[in-house]
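Working notes, structure below.
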Amino acid sequence: QVQLVESGGGLVQAGGSLRLSCAASGGTFGRRAMGWFRQAPGKGRLVVAAMSSSGTSTYASDSVKDRFTISRDNTKNVAYLQMKNLTPADTAVYYCAARPISGTYFTRAYRNEDEYDYWGQGTQVTVSS
């Protein structure tokens, strides 16, 4: 059974930084594409960033491009989301997600919520003005 546990959320002032971690257990971490999503109050869950299982392809939404960076450490079974220059608009619950990869799709970063099979419980990020 795959389990994902996010950590690193909290309260930060505008302009500050946070690094979220997603610790994975069960299965082979290196064979999973990873994604970070967020859900603000009253809104749907949207992709923030994604990374292929190979680590060679990444995606970041326009709203976070140049501020957020997704990365992974396959030796530690952890995915990260480094966030800088945070604004109140970044306030949301952040979720990590995993998609097992087979075949030849190791270089694909998945952007859609329904493409992921496993989800963490979420971690709250609150940015004060």
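Heavy-atom minimum distance, A24 versus F29: CB-CD1, 3.5 Å. Nearest approach of Y116 to A33, heavy atoms of both residues: CE2-O, 3.8 Å. Smallest separation of non-hydrogen atoms from S129 and P88: CB-CG, 3.9 Å. Taking both residues in full, the closest heavy atoms of D117 and P100 are given as OD2-CD, 3.1 Å, listed atom of the first, atom of the second, then distance.
Residue V127 is grouped with residue V64 when hydrophobic side chains (ILVMFWY) are merged at heavy-atom distances under 4.5 angstrom, including chains of intermediate members. Residue V78 is not grouped with residue L81 when hydrophobic side chains (ILVMFWY) are merged at heavy-atom distances under 4.5 angstrom, including chains of intermediate members.
Judged as a salt bridge (charged side-chain N to carboxylate O under 4.0 Å, His left out), and not counting sequence neighbours, R19 has no contacts. By the side-chain contact (heavy atoms from CB on, under 4.5 Å) test, V5 is found to be paired with Q121, residues two or more places apart in sequence or in another chain being considered. For Y59, the ring pair (Phe, Tyr, Trp, His ring centres under 6.0 Å) test picks out no residue, with sequence neighbours left out.
Note: S61 OG to R111 CZ = 10.0 Å, rounded to the nearest 0.5 Å. To the nearest 0.5 Å, atoms CE (M83) and CG (L18) are separated by 4.5 Å. Note that CG of L20 and CZ of F68 are 8.0 Å apart. Values are rounded to the nearest 0.5 Å. Atom-to-atom distance recorded for W36:CH2 and T123:OG1 is 7.5 Å, nearest 0.5 angstrom. Atom CG of residue D90 and atom CZ of residue R67 lie 4.0 Å apart, to the nearest 0.5 angstrom. Separating the CD1 atom in I70 from the CE atom in M34 is a distance of 7.5 Å, to the nearest 0.5 Å.
A distance-only check finds no donor-acceptor pair linking the side chain of T56 to the backbone of T107 [under 3.5 Å]. Of the possible polar contacts, none joining the R32 side chain to the Y118 backbone as a donor-acceptor pair under 3.5 Å is found. A distance-only check finds no donor-acceptor pair linking the side chain of W119 to the backbone of L4 [under 3.5 Å].
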Only pairs under 3.5 Å count here: list side-chain donor-acceptor contacts from residues 42-51, not counting sequence neighbours, and write none if there are none.
unit_1 : atom_1 : unit_2 : atom_2 : d
R45    : NE     : E113   : OE2    : 2.9
R45    : NH2    : E113   : OE2    : 2.9

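Here disulfide bond (SG atoms under 2.5 Å apart) pairs that include residues 22-97, with residues two or more places apart or in two chains, are C22-C96. Within the structure, the side-chain hydrogen bond (donor to acceptor under 3.5 Å, both in side chains) test picks out the following pairs touching residues 93-103 (sequence neighbours left out): R38-Y94.
More than 12 heavy atoms of other residues, nucleotides or ligands sit less than 6.0 Å from atom CG of N112. Other residues, nucleotides and ligands contribute at most 12 non-hydrogen atoms within 6.0 Å of the CZ atom of R31.
Residue L86 forms a side-chain contact (heavy atoms from CB on, under 4.5 Å) with just one option from T126, V12, T91, and that option is V12.
For the pair S57 and R108, the minimum side-chain heavy-atom distance is 4.5 Å or more.
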